[in-house]
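Written below as structure tokens is the structure these notes are about.
The chain is numbered in sequence order, starting from 1. The structure displayed is predicted, hence computed values, not measured ones.
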Amino acid sequence: MVSLTSLWLPILLSAVAVFVTSSIVHMVLRYHSTDFKKLPAEDETMRALGQFNIAPGEYAFPFPSGAASMKDPAFIEKRTRGPAGFLSVLPSGMPGMGGPLAKWFVFSIVVSLFAAYLASRALPLDARGADVFRVVATVAFLAYGMSDVSNSIWYGRSWSTTLKRLFDAALYGAATGAVFVLLWPK
């Protein structure tokens with residue numbers, strides 16, 4: 001068994017590797033530029049929604065108050081008539097990137113910490129590089145990618161977007177696994 005504290009360097013450096021990889025994905029490769037579509041009549045829709053001063057948060061429409069209300073003819077009529085959907089409302093103003101980037105880096109450290117924990121319990125000190133990569137990359141892939149599948153199942157996110165995000169998760173898992181292979185204690 002490997003001491004988790006002996007893996008502090010691969011934990012931090014794999015988070016850096018994921019941060020750099022995600023920066024390349026989003027700023028250079030830019031294949032996520034088609035993940036969202038422009039809302040038809042954007043100005044009119046924004047004006048219409050703006051009059052309600054909607055607080056930042058997650059909303060569903062039409063909104064059922066419970067399982068029984070989903071059988072209510074008024075709810076059924078609204079759902080049938082449409083539109084129906086989910087709405088994420090963000091705070092107004094230009095977003096700063098510092099906070100989200102810092103949170104992404106901390107999240108990457110947490111993913112690497114869990115991957116390190118599992119690998120430290122499952123693998124010996126002299127583990128083969130292929131075994132280290134397999135365990136660490138798999139844990140990281142699962143952490144970075146699997147929640148996107150449920151978003152397509154339950155919230156209507158396009159499957160093409162989810163497949164792109166799963167590809168990203170594979171890249172992040174590979175980056176995490178590669179760093180651990182290079183720095184696995186002997």
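Minimum interatomic distance between Ser3 and Ser6 (heavy atoms only, all atoms of both residues): O-OG, 2.6 Å. Considering every non-hydrogen atom in both Ala119 and Val136, the closest pair reads CB-CG2, 3.7 Å. The two residues Ala115 and Val139 have their closest heavy-atom pair at CA-CG1, 3.6 Å.
With sequence neighbours left out, the side chain to side chain contact (heavy atoms under 4.5 Å, CB included) criterion links Glu58 to Ser88.
By the 4.0 Å N-to-carboxylate-O rule, Asp131 lies close enough to Arg134 to be salt-bridged with it.
Residues Arg121 and Val2 form no side-chain contact, since every pair of their non-hydrogen atoms from C-beta on lies 4.5 Å or further apart. Side-chain contact between Phe141 and Met146 is present, with at least one heavy-atom pair separated by less than 4.5 Å. No side-chain heavy atom of Phe75 sits less than 4.5 Å from a side-chain heavy atom of Thr80. Residues Trp184 and Leu125 form no side-chain contact, since every pair of their non-hydrogen atoms from C-beta on lies 4.5 Å or further apart. A heavy-atom distance below 4.5 Å is found between the side chains of Lys164 and Thr34. Between Tyr31 and Asp168, the closest side-chain pair of non-hydrogen atoms falls below 4.5 Å. When side chains are defined from C-beta on, Phe105 does not count as touching Val110, because their heavy atoms never get closer than 4.5 Å. For the pair Arg165/Asp35, a side-chain contact is recorded, criterion being any heavy-atom separation below 4.5 Å from C-beta on.
More than 12 heavy atoms of other residues, nucleotides or ligands sit less than 6.0 Å from atom CZ of Arg81. In the displayed structure, Tyr155 atom OH is contacted under 6.0 Å by at most 12 heavy atoms of other residues, nucleotides or ligands. In the displayed structure, Lys186 atom NZ is contacted under 6.0 Å by more than 12 heavy atoms of other residues, nucleotides or ligands.
Between the Ser22 side chain and the Phe19 main chain, a donor and an acceptor come within less than 3.5 Å of each other. Side-chain N or O atoms of Ser158 include one that pairs as donor or acceptor with a backbone N or O of Thr161 at under 3.5 Å. A donor-acceptor pair under 3.5 Å is formed between the side chain of Gln51 and the backbone N or O of Ala48. One N or O on the side chain of Ser152 and one on the backbone of Arg157 form a donor-acceptor pair closer than 3.5 Å.
Checked against Ser108 for a side-chain contact (heavy atoms from CB on, under 4.5 Å), the options Val16, Val18, Leu12 give a single hit: Val18.
The distance from atom OG1 of Thr21 to atom NE2 of His26, rounded to the nearest 0.5 Å, is 10.5 Å.
Under the 4.5 Å side-chain heavy-atom criterion for Ile, Leu, Val, Met, Phe, Trp and Tyr, Val28 and Val20 are members of the same hydrophobic cluster. One hydrophobic cluster holds both Tyr117 and Trp8 under the rule that ILVMFWY side chains link at heavy-atom gaps under 4.5 Å. Criterion: ILVMFWY side-chain heavy atoms under 4.5 Å apart, direct or through other members. Under it, Val25 and Leu163 are not part of a common hydrophobic cluster. Linking Ile, Leu, Val, Met, Phe, Trp and Tyr whenever their side-chain heavy atoms come within less than 4.5 Å puts Phe52 and Tyr59 in one cluster.
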Take Tyr172 and Val111 through the test side-chain contact (heavy atoms from CB on, under 4.5 Å) and record every step on the way to the result. CA-CA 10 Å; Tyr172 305 155; Val111 170; over 6 Å; no
